[in-house]
Amino acid sequence: MYDPKQIIEDDKSFVWHPYSSTHNPTDNYPVVSANGVRLQLADGRQLIDGMASWWSAIHGYNHPTLNQAVNKQIEDMSHVMFGGLTHPQAVSLCKTLVEITPKDLDKVFLADSGSVSVEVAIKMALQYWLSQGIKSKTKLLSLRNGYHGDTFGAMSLCDPITGMHHLFEHSMPQHLFAEAPTMGFDTAFDERHIADLKRQLSEQHQQIAAVIVEPIVQGAGGMRFYSPDYLKRIRELCDEFNVLLIADEIATGFGRTGKLFACEHANISPDILCLGKAITGGYMTLAATLCSNKVARGICDGEAGVLMHGPTFMGNPLACAVANASIQLLLDSPWQQTIKRIEQQLLRELSPAKALTQVDSVRVLGAIGVIEMKEAVVMTELTPKFVDAGIWVRPFGKLIYIMPPYIISSEDLSLLTSRLVNVITTS
Ligand SMILES: *Cc1c(COP(=O)(O)O)cnc(C)c1O
């Protein structure tokens with residue numbers, strides 16, 4: 001069986017984890033199975049999952065319907081190349097995505113991960129203008145506090161201060177950044193909030209191929225929520241200045257904010273949409289970049305005549321099969337009520353933490369709960385306390401946040417929030 005100590009030791013010797021040092025590694029907790037909202041550690045402990053494995057496991061772990069979808073697909077075919085061949089699972093998935101996403105997103109390009117879907121979106125935007133014979137539109141305009149992924153193109157659109165810009169500035173594409181939205185989700189929008197973005201668009205639109213935003217929720221760059229009116233204005237300004245709009249819904253997609261897609265809060269459609277994370281219910285890596293017929297036709301009418309991209313594992317049938325099953329499971333469930341219930345409970349149970357001296361603010365939107373501390377937390381000290389309390393929460397910087405699987409019961413959610421607040425109170 002498993003020897004937890006050996007796993008931890010070998011893990012330290014051979015394995016590189018996200019954003020980690022090999023010389024000064026921290027202990028990672030071996031997980032041997034997971035069921036519902038519980039992670040089973042090798043040492044016998046169980047943790048209630050507050051992270052949904054970075055937004056993705058919306059139906060929890062080991063879900064019978066999703067398991068069945070993968071098993072069935074394995075019997076048929078685990079993989080086949082996507083150049084020159086197609087298969088029912090990919091076709092069905094792309095059709096569904098076009099149907100459920102905001103209007104005018106007509107074509108789907110399947111990608112391997114969120115970051116790759118952002119790379120594809122960048123490529124689409126650049127190729128679109130090139131195809132029109134417009135060579136000056138080579139830059140993207142992004143927002144401060146944004147996060148769009150870790151590959152080079154995606155990284156170049158992340159917040160220039162908290163992102164990796166200083167480290168790679170000499171080898172990274174240089175893009176433009178506008179001030180981040182500063183109002184909250186419910187705060188009244190004021191035209192001044194968008195003055196910087198508007199100024200940059202009006203002064204530099206001839207260089208700008210697209211604006212890229214995370215709609216409504218700026219995720220890994222700060223877990224901040226902003227007004228739908230701000231997003232509406234971005235759409236209007238993009239139209240006014242003839243610039244494409246890319247919505248990165250990799251984190252917000254599939255119900256997390258209370259709408260199926262966060263763009264719906266503002267009732268807008270982007271020209272290009274990136275999806276990932278929850279698309280397979282957390283089973284496999286898969287992402288998608290959608291675009292309008294206008295963008296697709298623009299690209300394909302150009303000199304290249306095609307979109308210049310094609311990953312080896314594009315449209316992997318196992319991933320598509322489980323994505324189809326996960327989306328169906330979501331749509332067949334009363335997900336709006338579920339998210340509302342989680343939202344109200346998070347508000348009720350996290351808000352008391354505002355009274356703590358070490359807490360700066362508490363905010364909740366949909367199935368996302370955020371406690372922002374006044375000082376950055378020491379993750380290596382806090383994580384073991386969460387684990388000892390029986391919950392899995394992974395803070396970063398000043399942020400302690402949870403976005404549990406949607407299937408979490410009220411009882412388990414109460415355990416998660418009470419233990420979370422208790423650890424913060426006593427730390
Ligand atoms: C996670 C994330 C990405 C990157 O996705 P990966 O699958 O980690 O490559 C991009 N944009 C947003 C908004 C994300 O939350």
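Whatever order the structure lists ligands and atoms in, that order sets their numbers, starting from 1.
- Between His265 and Phe185, the two ring planes are perpendicular [angle over 60°; tilted spans 30° to 60°].
- Using a 30° and 60° split on the angle between ring planes, His205 and Phe241 fall in the tilted class, from 30° to 60°.
- Heavy atoms from both the backbone and the side chain of Tyr147 come within less than 4.0 Å of ligand 1.
- The heavy-atom pair separating Ala154 from Ser115 by the smallest distance is CB-O, 4.3 Å.
- The closest side-chain donor-acceptor pair between Gln328 and Asn324, if any, does not fall under 3.5 angstrom.
- Less than 4.0 angstrom separates some heavy atom of Asp248 from each of these atoms of ligand 1: 10 (C), 11 (N), 12 (C), 13 (C).
- Among all heavy-atom pairs drawn from Phe82 and Met314, the shortest one is CB-O, 3.4 Å.
- Considering only non-hydrogen atoms, atom 4 (C) of ligand 1 lies nearest to Ser115 out of Ala287, Ser115, Ala247.
- Proximity of His148 to ligand 1, defined as any heavy-atom pair under 4.0 Å, is confined to the backbone N, CA, C and O atoms.
- Ligand 1 places these atoms under 4.0 Å from at least one heavy atom of Gly149: 4 (C), 10 (C).
- Close approach of ligand 1 to Lys277 is summarised as follows: ligand atoms under 4.0 Å from at least one heavy atom of the residue are 1 (C), 2 (C), 3 (C), 14 (C), 15 (O).
- Among all non-hydrogen protein atoms, the one lying nearest atom 7 (O) of ligand 1 is Gly114 N, 2.9 Å.
- Other residues, nucleotides and ligands contribute more than 12 heavy atoms inside 6.0 Å of the CD atom of Glu191.
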